[in-house]
Undergrad: 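Structure in structure tokens, see below.
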Protein chains: 2
Amino acid sequence: MSDRRVPEGYDPYAFEPFAVTADLAVLTVREERLQVLLVERGQEPYAGSWALPGGFVLPPESAEQAARRELAEETGLSEATVAGLHLEQLRTYSEPDRDPRMRVVSVAFTALVPDPPEPRGGGDAAQARWMPYDTVRGLAFDHDRILADAHERVGAKLEYSCLATAFCPPEFTLGELRHVYETVWGVELDRPNFRRKVLTTPGFVQAVEGPPRLTGGRGKPAALYRAGGATTLHPPLLRPEGRPA
Amino acid sequence: MSDRRVPEGYDPYAFEPFAVTADLAVLTVREERLQVLLVERGQEPYAGSWALPGGFVLPPESAEQAARRELAEETGLSEATVAGLHLEQLRTYSEPDRDPRMRVVSVAFTALVPDPPEPRGGGDAAQARWMPYDTVRGLAFDHDRILADAHERVGAKLEYSCLATAFCPPEFTLGELRHVYETVWGVELDRPNFRRKVLTTPGFVQAVEGPPRLTGGRGKPAALYRAGGATTLHPPLLRPEGRPA
DNA sequence: CCTTTAAGAGTCACCTTGACTATAAAGGAG
DNA sequence: CTCCTTTATAGTCAAGGTGACTCTTAAAGG
């Protein structure tokens, strides 16, 4: 940034102002599907349309702080939950005509949540709910594109980071972790190979000591693991077949 | 983005306005070093300090359009050159106090240029010049951090994309391409192994037919190559030793 | 003419990976 | 209770990619 166009006695109101918003693509894996948190708009433009949650960045906030606040307001997640959430900046959308009313620049974030509570539709949103990613179309503004970019980014990050654990509860089985990859990538992975890769990568997961097994599903009970300290995968866990992007 | 806080007859001037700028971390490899394009500020704040080139996003522009315009104005690169430049959005910096005067949100971009012309210091910049990356400190605003983020991002992208060719002229030798990796990563790579990797990756580079060799340096003349059609590297070309990020 | 420098060809062992087989431990159906 | 299905977990094996090296070729410089 720079003020080279701004004379000493610059009047901030002399220019057409820009509004800055923070929007969130909140993703989760539920019921074997990738799901997105959406809100229904109550006002024009796009009244009645579904949109990504988000809202204006207020004067004392950073974009990320605004994103966390809006998420808490609109979904009923507790402040503590939102504060500990894995939130990552996706990119900024600044096309001049993306909002019909005025100039709005949107800083988009991606959030990954495990086993989410039902959203309450609070705040200013008419209602809020989880929707399966592949059934979502026709969102307000350019939110279809933001959502697609978020999906692509998350899919790519799974390859070379330990991000997948952010989709899982604190303790999880390797089957659950594998489901995350399969759901986001839309492919099936070989169980033994996936297991070998995860367990031989130092710091990806760590075994839980106490009760060595968990029951609940159909097959043989699985051991529980916690997220390890590592954040990146070397070498990466590449998608089979297709190219990323 | 959303207008949930905005009543029907919303007055854009009722809020403290945000200014939006586009700043660029323009990188090149010259004289065996990674270099950055900087401008000297002529006005307060930070008058006399060096900063990344950039400026305000004007009402009819997207942030990327503003970035290209500012780059052309301040460095003397032709409009055609700037239009064809590899420009990638880095991230957006929105901390409330990053500009002492008013609320300024900066969308940062990374640009990679091959064999750059001397900047002219045109536009509003007092002067402009290339500086070696590792000697740069004390830039205006939070530009030190933006620059560090750009370096990290570029280093990471070299691993899994064909981005390195963007640092090279249209026709280049494998030695030049290898220098890009070595300079950005700060490591030495094994010549034969690098060659094997690049040549066996489909679409990374394509051999130039005509005059099969180029002279100029000291050793055996090298064959020339052009960038191939591929954009991603599968499998990636990982940095030796250290972790990314 | 010899040294230096870098390109380019080739070798070899190791590690990772993909494909696959086998066994163990649960639930459900008959 | 037994068979069948499902899932976890333990292995095996071959192909491919990579790191570490060696060797040859072709220029420039002294």
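Naming: A, B, ... by sequence-line order, numbering from 1 per chain. Keep in mind the model is a prediction, meaning the values are calculated, not measured.
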Undergrad: Is A:E40 paired with A:R129 through a side-chain N to carboxylate O contact shorter than 4.0 Å?
TA: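 No, no charged N to carboxylate O under 4.0 Å.
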Undergrad: Going by an N to O cut-off under 4.0 Å, is there a salt bridge joining B:E88 and B:K157?
TA: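 Yes, charged N to carboxylate O under 4.0 Å.
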Undergrad: In this structure, how many angstroms lie between the C1' atom of C:dA9 and the CG atom of B:L174, rounded?
TA: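 Rounding to the nearest Å, CG of B:L174 and C1' of C:dA9 are 13 Å apart.
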Undergrad: Rounded to whole angstrom units, what separation is found between the CG atom of B:L199 and the P atom of C:dA7?
TA: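 So the two atoms are 12 Å apart, to the nearest Å.
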Undergrad: Expressed in angstrom and rounded to an integer, what is the separation of A:F194 atom CZ from C:dT16 atom P?
TA: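 Checked: the CZ to P distance equals 17 Å.
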Undergrad: Of all the heavy-atom pairs spanning A:A164 and A:L177, show the shortest one and how long it is.
TA: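 Smallest heavy-atom distance, with atoms named: CB-CD1, 3.7 Å.
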Undergrad: Check B:R153 with B:D149, please: is the shortest side-chain N to carboxylate O separation under 4.0 Å?
TA: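 No, this pair does not count.
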Undergrad: Kindly say if A:K197 contacts the phosphate of C:dT17, meaning a side-chain N or O under 4.0 Å from OP1 or OP2.
TA: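 Affirmative; the distance criterion is met.
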Undergrad: Nearest whole angstrom, please: distance from the P of D:dT22 to the CZ of B:R195.
TA: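 My rounded result for the distance is 20 Å.
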Undergrad: Mind listing the closest non-hydrogen atom pair of A:A148 and A:Y133 along with its distance?
TA: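 The pair with the smallest heavy-atom distance is CA-OH, 3.7 Å.
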Undergrad: I'd like to know if B:R196 reaches the base of D:dG19 with its side chain, counting only an N/O donor and acceptor under 3.5 Å.
TA: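 In this structure, the two groups form a donor-acceptor pair.
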Undergrad: Parallel, tilted or perpendicular for B:F194 and B:Y181, by the 30°/60° rule?
TA: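 Rings of B:F194 and B:Y181: perpendicular, over 60°.
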Undergrad: How far does CD of A:E95 sit from CD of B:Q65, to the nearest 0.5 angstrom?
TA: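 Answer for the CD-CD pair, A:E95 versus B:Q65, is 8.0 Å.
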Undergrad: Polar-atom pairs under 3.5 Å, protein N or O versus N or O of nucleotides 1-6 of chain C: list them with distances, or write none.
TA:
none

Undergrad: Per the side-chain contact (heavy atoms from CB on, under 4.5 Å) rule, which among B:I146, B:V154, B:L87 passes with B:T110?
TA: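 Exactly one candidate clears the test, B:V154.
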Undergrad: Just to verify, what does A:R195 make a side chain to side chain donor-acceptor pair (under 3.5 Å) with, not counting sequence neighbours?
TA: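 Checked A:R195 against side chain to side chain donor-acceptor pair (under 3.5 Å); zero matches.
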Undergrad: Nearest whole angstrom, please: distance from the P of C:dT16 to the CZ of A:F204.
TA: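 Rounding to the nearest Å, CZ of A:F204 and P of C:dT16 are 16 Å apart.
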Undergrad: Nearest-nucleotide wise, let me know which of B:L237 and A:N193 is further upstream toward the 5' end of DNA chain D.
TA: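 Comparing both residues, the 5'-ward one is A:N193.
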Undergrad: Atom CG of A:L177 and atom P of D:dT9: how far apart are they, to the nearest Å?
TA: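 Value for this atom pair: 12 Å.
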Undergrad: Taking DNA chain D as the partner, which of residues 179-190 of chain B come within under 4.0 angstrom of it by heavy atom?
TA: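 Of all residues in residues 179-190 of chain B, the ones placing a heavy atom under 4.0 Å from DNA chain D are B:D190.
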